[in-house]
Amino acid sequence: MNRSLERQISAAGSKRTFPNLRWWVLILFLTGVTVNYITRNSLAILAPELKTSLGITTEHYSWIVGAFQLAYTLFQPVCGWLIDVIGLKIGFLICATVWALTCLLHAGAGGWLQLAILRFVMGGAEAAATPANAKVLGEWFPKKERPIAAGWAGVGFSIGAMLAPPIIYFAHAAFGWQGAFLFTGFLAMAWVGLWALFYHNPADHPNLSAKELALIQQDNEPPAVKQSLFRALRSVGKNKRFYGIAIPAFMAEPAWGVLSFWVPLYLANDLGMDLKQIALFAWLPFLAADLGSIASGYLTRLYTRLFGFTQVNGVVASSITGAFLMVSLALVAVTKDPYIAIALISVGGFGHQIISCMLSALVVEKFDKGEMATVNGMRGSCAWIASFLFSLLIGLTADKIGFNPLFIAMGFFDLIGALFLIAFIAERRAARA
């Protein structure tokens, strides 16, 4: 019996414990990710007014979005390494504080360049969410529960985007666009306080029972090995399995970037919706994404039970299912009905989150605890490189050719990524014996 487990047993008699605490910790984390997405998506909801109030062109807006995406791309491995080295609690606390304060400063922006600088800083800090996700799954859940936990964790990444339109709309109606940024910034600061008060590592948590700690540690995984940043990056880069996860992430992320940053403008410019209509309907794709997140882990369990797949192959099969659902985005190009378009985009949101959650589950399945956050950060960087480049492409072409060719491309990207999942990650029959 290890020393941390002995400490937990000796303390159990004098401290109150809570059953299924690991799931409450997951709720605390996904609440933070929800706030993360509310703060980042506030810009997209306010974009039509900001373009008018601050004289921002579509190309300027693409640079503002691109600044966030560039920082998110560059800093995910750095944030992941930081979390691996100094721990999830302090690492995520630092990053969350920075993104909350930066959101508050958005209220003072006077032009597109200032917004671009602020979005770059926010993107660097919010990049911690993806690697932190893998760290929570790896530290708090046994292997058999991780795909389902990954699905529920993914809810935070989409429910924030779902809640952003109505929250920002009412905050804007009450306080103006500056007040909307202040409101979401203070919301983020409130969550920072909750994280500081209530999060602890499993071995040190005062309210975790010895029985649940034993359940979490039942796989007897080796303790985390801390490495320097460049050694950690080099080690992951040499691993073929990483590319089986990173390339599908690269192919998947442009669609999520469009949902997060461009759909409101698409609904306004191409389909003629006003801000109120956008607030009423733009959250639906993210509700579908929430449902996709939840369904993903249970879909994996269904594949393993019905077809006898290994857990890894069940995760791969779930991700491929999501890739086929993404074809719905290509059909957006053939409709001018805004409600049908939103329905098709919603199917895409459902499919995307199945893919995204299962890629996170694969990181936790295929890599050691000491590098999970770093690997997921590197995976996120690959994803956001694609999102960044696609946003710049939209900024240069959307006013000239419209969004339809871009939706067609997004509809088929994930099927290409699925081929790499099969080639590099799927377990062959010999591996099961």
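Every value quoted in this text rests on a predicted model; they were computed, and no experiment measured them.
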*Criterion side-chain hydrogen bond (donor to acceptor under 3.5 Å, both in side chains) on Asn376 and Thr130, from CA distance to verdict*: CA-CA 6 Å; Asn376 219 28; Thr130 298; 5.7 Å; no

*Kindly indicate, with the supporting measurements, whether the criterion side-chain contact (heavy atoms from CB on, under 4.5 Å) is fulfilled by Met326 and Met410.*
CA-CA 8 Å; Met326 293 299 291; Met410 288 186 293; 5.8 Å; no

*Let me see the working for Arg22 and Glu212 under salt bridge (Lys or Arg N to Asp or Glu O under 4.0 Å), right down to the final yes or no.*
CA-CA 8 Å; Arg22 63 195 183 282; Glu212 188 171 2; 2.9 Å; yes

*Leu421 vs Leu359, side-chain contact (heavy atoms from CB on, under 4.5 Å): CA-CA, chis, key distance, verdict*: CA-CA 9 Å; Leu421 271 176; Leu359 291 178; 4.1 Å; yes

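Note that Arg241 lies in the cation-pi zone of Phe367, set by a 6.0 Å cut-off to the ring centre and a 45° limit from the axis.
In this structure, Ser391 contributes its side chain and Phe388 its backbone to no donor-acceptor pair below 3.5 Å. Side chain of Gln353 to main chain of Val155: no donor-acceptor pair is present (N/O by atom type, distance under 3.5 Å, no hydrogens or angles). Looking at Arg146, its side chain does come within 3.5 Å of a backbone N or O of Phe141 through a donor-acceptor pair.
Aromatic ring pairs are classed by plane angle as parallel below 30°, tilted from 30° to 60° and perpendicular above 60°; the pair Phe92 and Trp195 is perpendicular.
Between Tyr266 and Phe407, the ring centre distance stays below 6.0 Å. Separation of the Phe68 and Trp384 ring centroids falls under the 6.0 Å cut-off. Taking the centre of each ring, His352 and Trp256 come in below the 6.0 Å mark.
Between Ser319 and Ile354 the shortest side-chain heavy-atom distance does not fall below 4.5 Å. Contact check for Val192 versus Leu93: side-chain heavy atoms found under the 4.5 Å cut-off. Residues His205 and Leu21 meet the side-chain proximity criterion, which asks for heavy atoms closer than 4.5 Å. Within the 4.5 Å cutoff, the side chain of Asp290 has no heavy atoms near those of the Phe350 side chain.
Under the side-chain hydrogen bond (donor to acceptor under 3.5 Å, both in side chains) test applied with Tyr72, the options Arg119, Glu126, Arg40 reduce to a single match, Arg40.
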